[in-house]
Amino acid sequence: MLKKRAQELLVAAFEALQIPVSAETIRLEIPRQEFGDLATNVALTLAKRLRKPPRAIAEQIAEVLRTMAEDLAQVEVAGPGFINLRFTPQFYHQMLRQIVEQGAQWGRHQAEHPLSVNVEFVSANPTGPLHLGHGRNAAIGDTLANLYEWMGHKVVREYYFNNAGNQMRMLALSIYARYRQLLGDADYPLPEDGYRGEYITDIARSLVEQYGDQLRQGTEEQLQLIQKKGEEWCFRMIRQTLDRMGVQFDVYFNEDRLYTEGKIEEVIALFRQKGLVYEKDGALWLKLTAVGRPQDRVIVKSTGEPTYRLPDIAYHREKFERGYDVLIDVFGADHIATAEDVKAALAALGYDVSRLKVILYQFVTLLEDGKPVKMSKRSGKTYTLDTLIDEVGADVVRFFFLMRSVSKHLEFDLNLAREQSEKNPVFYLQYAHARIASIFRKMDERGIAISEAAMMEGIEQLQQPEELALIKELARFPEIIEAATSAAEPVILADYLRDVATAFHRFYHQHPVLGADSPLREGRVALLHATQTTLRNGLAILGVSAPERM
RNA sequence: GCGCCCGUAGCUCAGCAGGAUAGAGCAGCGGACUUCUAAUCCGCAGGUCGCAGGUUCGAAUCCUGCCGGGCGCGCCA
């Protein structure tokens with residue numbers, strides 16, 4: 001809200017001076033405290049075009065701004081030509097009134113043209129429990145979905161359920177091997193690249209309980225049954241873990257459907273029409289080099305089975321056909337090449353791939369005592385997301401996965417996460433919220449009831465630097481949501497909430513609320529409400545709880 | 001070899017549509033609880049922004065090259 005207002009004022013000033021400048025070229029940033037509330041370098045960027053020294057331009061604009069004067073307490077030209085702005089306390093009071101009025105809706109945008117958005121994330125194969133990478137994926141995807149909702153769009157959360165590839169066959173064979181071992185064939189070998197986790201034995205055990213030795217022969221039919229049971233089991237595990245992460249999907253899209261509904265065949269036919277496929281060595285190749293990709297790829301193996309790339313393309317085409325305005329994929333960094341291939345293929349089929357945003361997040365390393373925890377897929381010795389949640393709780397897990405840029409490798413420091421103390425950054429935010437809740441409880445105990453009207457009255461009493469600094473911080477919330485959404489970076493919101501908490505703790509430390517005299521007390525209560533709302537809403541977007549007490 | 005991501009304080013990271021003295025958290029040192037939660041606050045200390053060039057009035061930020069780390073480059077998914 002601050003930047004928007006400043007931008008309006010600057011645009012008006014430029015108009016008065018008859019200098020044509022578009023609003024977007026006026027960039028505002030928050031400078032060091034002593035310079036002001038906002039600063040712009042617009043005079044510096046215009047210097048060349050206007051052939052005037054930047055300071056002279058800045059002075060001119062500043063002059064006009066000073067005469068307009070509304071909402072601005074101070075306009076200064078500094079350094080090489082920055083214009084520093086400081087708002088009046090009255091302006092901040094007005095903001096605070098708006099926040100209190102909006103209450104639970106504070107921070108929500110009303111999109112002029114609401115978009116339909118599909119966010120596909122997690123999409124882990126139903127062959128085992130979720131791991132840390134999936135956890136980061138879940139946290140990022142769900143938060144992006146939340147952000148789009150807060151921007152006023154309509155969001156569908158979707159999970160692509162990859163239950164048709166040959167990894168499923170491997171799952172069945174792995175379970176079968178354990179099943180045989182349980183039946184007494186201790187030496188029955190696990191397949192070369194089989195799944196080795198504990199859960200495989202659990203599944204096998206449940207089969208023994210249900211079927212006894214009836215599946216011993218391992219006929220095709222029996223293996224299919226085992227596969228089905230394994231898939232269901234894994235799916236249940238996955239959903240339980242996602243539940244604990246606070247993630248709910250609207251759509252689970254089964255890969256099966258692409259086959260049963262003929263989508264795979266359709267895509268092949270389309271590629272044929274466009275002359276984008278050819279046969280070689282008994283396989284069907286997609287001519288990706290014709291659409292700017294470095295290599296052609298096999299899409300149907302010589303065995304007649306499609307490679308994973310083909311259903312991927314068919315699936316994305318299906319999503320496009322459903323008519324979303326925006327499609328978002330959340331993938332691990334290892335999907336780079338595939339994602340680009342899928343995009344190029346869809347573009348070749350005539351789809352507007354600018355609507356498809358692929359979010360690639362970097363890998364997660366688990367650190368314990370400063371050293372990476374070794375994970376081995378072969379031995380099945382991996383650290384599951386469930387284990388992590390058991391150990392540190394869902395709030396910490398979600399926050400830790402969101403507190404770094406998506407594009408950065410993430411070091412998950414187990415020792416820090418386990419720390420139930422001030423060192424843990426999650427608690428810092430939650431504590432601010434709980435502290436406010438505590439004051440409200442105290443008010444109840446003492447029988448203090450304050451009407452909204454009284455709060456609104458009291459707001460103009462807020463003149464202390466810590467009070468104004470806190471309002472200033474709160475006022476950024478809608479802009480932060482917008483920035484985090486357009487950059488697809490939850491960390492922007494996470495960092496912001498820390499700043500809010502800091503501003504609050506400073507205020508709290510310096511100024512008593514209930515001990516203050518009316519009407520200042522009422523004004524401070526309004527500030528508490530606004531702060532709590534901001535923290536609660538922000539934490540909700542991140543999927544972290546806002547506790548009433550700690 | 002090629003492609004993508006990353007290199008900023010002891011550690012983990014912000015800042016990067018160029019701009020005013022490069023910021024946080026943790027760790028270190030020193031202060032603040034008879035008051036609404038000290039899971040807090042205040043202060044001190046800590047940096048050749050990987051290296052070398054280039055563009056510019058101005059580069060952590062843009063360009064090129066190199067060095068270092070991660071991830072890819074399957075008829076696996």
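All chains are named by letter (A, B, ...) in the order of the sequence lines, taking the proteins before the strands, and each is independently numbered beginning at 1. Worth saying up front: this structure is predicted, and the values here are computed from it rather than measured. Excluded from the calculations below are hydrogen atoms, water molecules and symmetry mates; all remaining heavy atoms, backbone and side chain alike, are included.
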Subject >> Non-neighbouring partners of A:Glu76 that pass salt bridge (charged side-chain N to carboxylate O under 4.0 Å, His left out), sequence neighbours left out >> reply: none
Subject >> Gap between atoms CZ and P, on A:Phe507 and B:C36 respectively (whole Å) >> reply: 15 Å
Subject >> Atom-to-atom span, CD of A:Gln420 to P of B:A39 - whole angstrom >> reply: 13 Å
Original post:
OP1 or OP2 of B:C73 sitting under 4.0 Å from any side-chain N/O of A:Arg293?
Top reply: no
Original post:
Is A:Ser407 touching bases, backbone alone, or none of the nucleic acid, heavy atoms closer than 4.0 Å?
Top reply: sugar-phosphate
Original post:
Is B:A17 in the syn or the anti form, by the rule that syn lies within 90° of 0?
Top reply: syn
**OP:** Using the closest heavy atom to pick a nucleotide of RNA chain B for each, name whichever of A:Glu29 or A:Leu410 lands nearer the 5' end.
**Re:** A:Leu410
Original post:
Quick one: A:Ile83 CD1 to B:G19 C1', roughly how many Å, whole number?
Top reply: 13 Å
Original post:
Are the aromatic ring centres of A:Phe235 and A:Phe161 under 6.0 angstrom apart?
Top reply: yes
Original post:
Once you round it to whole Å, what is the distance between P of B:U40 and CZ of A:Arg549?
Top reply: 19 Å
Subject >> Short side-chain N/O contact to B:C76 OP1/OP2 from A:Lys301, under 4.0 Å >> reply: yes
Original post:
Across the strands shown, which category fits A:Gln295 at heavy-atom distances under 4.0 angstrom: base, sugar-phosphate, nothing?
Top reply: sugar-phosphate
Identify all pairs in which a protein N or O lies below 3.5 Å from an N or O of nucleotides 8-12 of chain B, and state each distance.
unit_1, atom_1, unit_2, atom_2, d
B:U12, O2', A:Arg404, NE, 3.2
B:U12, O2', A:Arg404, NH2, 2.4

**OP:** Identify whether the glycosidic angle of B:C41 places it syn (within 90° of 0) or anti.
**Re:** anti
Original post:
Atom OH of A:Tyr195 to atom P of B:A77: distance rounded to whole Å?
Top reply: 11 Å
**OP:** Would you please name every residue forming a side-chain contact (heavy atoms from CB on, under 4.5 Å) with A:Arg549, sequence neighbours left out?
**Re:** A:Arg441
Original post:
With rounding to whole Å, what would you report as the distance between B:C11 and B:U21 at their P atoms?
Top reply: 27 Å
**OP:** Could you pull out all residues at least two apart from A:Tyr308 that satisfy ring pair (Phe, Tyr, Trp, His ring centres under 6.0 Å)?
**Re:** none
**OP:** Whole angstrom is fine here: how far is it from CZ in A:Arg297 over to C1' in B:G3?
**Re:** 11 Å
Original post:
Is there ring stacking between A:Phe82 and B:G19, where the centres must be under 5.5 angstrom apart and the planes under 30 degrees?
Top reply: no
Original post:
Just checking A:Asp413: base, sugar-phosphate only, or nothing, at a heavy-atom cut-off of under 4.0 Å?
Top reply: nothing
**OP:** Would you mind listing every side-chain hydrogen bond (donor to acceptor under 3.5 Å, both in side chains) that reaches into residues 488-503 of chain A, with sequence neighbours excluded?
**Re:** A:Tyr428-A:Thr502
Subject >> Gap in Å between the two C1' atoms, one belonging to B:A39 and one to B:C4, rounded >> reply: 41 Å
Original post:
Within this structure, what is the CG-to-C1' distance between A:Leu44 and B:A20, rounded to whole angstrom?
Top reply: 9 Å
When the side chains of residues 331-338 of chain A are checked against the rest of the protein, which donor-acceptor pairs come out under 3.5 Å, sequence neighbours left out?
none

Original post:
B:G43 and B:C26: how far apart are their P atoms, nearest whole angstrom?
Top reply: 14 Å
**OP:** Using a cut-off of strictly less than 4.0 Å between a heavy atom of the residue and any atom of RNA chain B, enumerate the qualifying residues of residues 305-316 of chain A by number.
**Re:** A:Thr307, A:Tyr308
**OP:** Could you tell me whether the phosphate oxygens of B:C42, OP1 or OP2, come under 4.0 Å of any side-chain nitrogen or oxygen in A:Arg506?
**Re:** yes
Original post:
Hey, does A:Ser405 reach any base, or is it just sugar-phosphate, or nothing, if we go heavy atoms under 4.0 Å?
Top reply: sugar-phosphate
Subject >> Partner residues of A:Phe440 under the ring pair (Phe, Tyr, Trp, His ring centres under 6.0 Å) criterion, sequence neighbours left out >> reply: A:His529
Subject >> Whichever of A:Thr502 and A:Ala39 has its nearest RNA chain B nucleotide further upstream toward 5' >> reply: A:Ala39
Original post:
Side chains of A:Glu467 and A:His511: do they bring a donor and an acceptor to under 3.5 Å?
Top reply: no
Original post:
If only side-chain N and O atoms of A:Tyr428 are considered, is one of them under 4.0 Å from the OP1 or OP2 phosphate oxygen of B:C41?
Top reply: yes
Subject >> Salt-bridge criterion met for A:Glu368 and A:Arg418 (N-O under 4.0 Å) >> reply: yes
**OP:** Could you tell me whether A:Arg446 contacts a base, only the sugar-phosphate backbone, or nothing, with contacts defined as non-hydrogen atoms closer than 4.0 Å?
**Re:** sugar-phosphate
Subject >> salt bridge (charged side-chain N to carboxylate O under 4.0 Å, His left out) against A:Lys423, all qualifying residues, sequence neighbours excluded >> reply: A:Glu419
Subject >> Which residues share a ring pair (Phe, Tyr, Trp, His ring centres under 6.0 Å) with A:Tyr315, sequence neighbours left out >> reply: A:Tyr160, A:Phe253
**OP:** Could you tell me whether A:Ala432 contacts a base, only the sugar-phosphate backbone, or nothing, with contacts defined as non-hydrogen atoms closer than 4.0 Å?
**Re:** nothing
**OP:** Measure from OH on A:Tyr496 to C1' on B:A24 and round the result to the nearest Å.
**Re:** 17 Å
**OP:** Report the stems of RNA chain B as range-with-range entries sorted by first number; a stem here is at least three consecutive pairs, Watson-Crick or G-U wobble, both distances under 3.5 Å, and write none if there are none.
**Re:** B:1-7 with B:67-73, B:10-13 with B:23-26, B:28-32 with B:40-44, B:50-54 with B:62-66
**OP:** Please name all residues satisfying ring pair (Phe, Tyr, Trp, His ring centres under 6.0 Å) with A:Phe82, sequence neighbours left out, ordered by chain then number.
**Re:** none
Subject >> Euclidean distance for P, B:A45 against B:G23 (whole angstrom) >> reply: 14 Å
Original post:
Counting N and O atoms only, with roles assigned by atom type, does the side chain of A:Asn424 sit under 3.5 Å from a partner on the main chain of A:Val426, one being a donor and the other an acceptor?
Top reply: yes
Original post:
With no hydrogens and no angle check, do the side chains of A:Tyr383 and A:Glu391 hold a donor and an acceptor under 3.5 Å apart?
Top reply: yes
**OP:** Give one of base, sugar-phosphate or nothing for A:Asn84, where a contact means two heavy atoms less than 4.0 Å apart.
**Re:** base
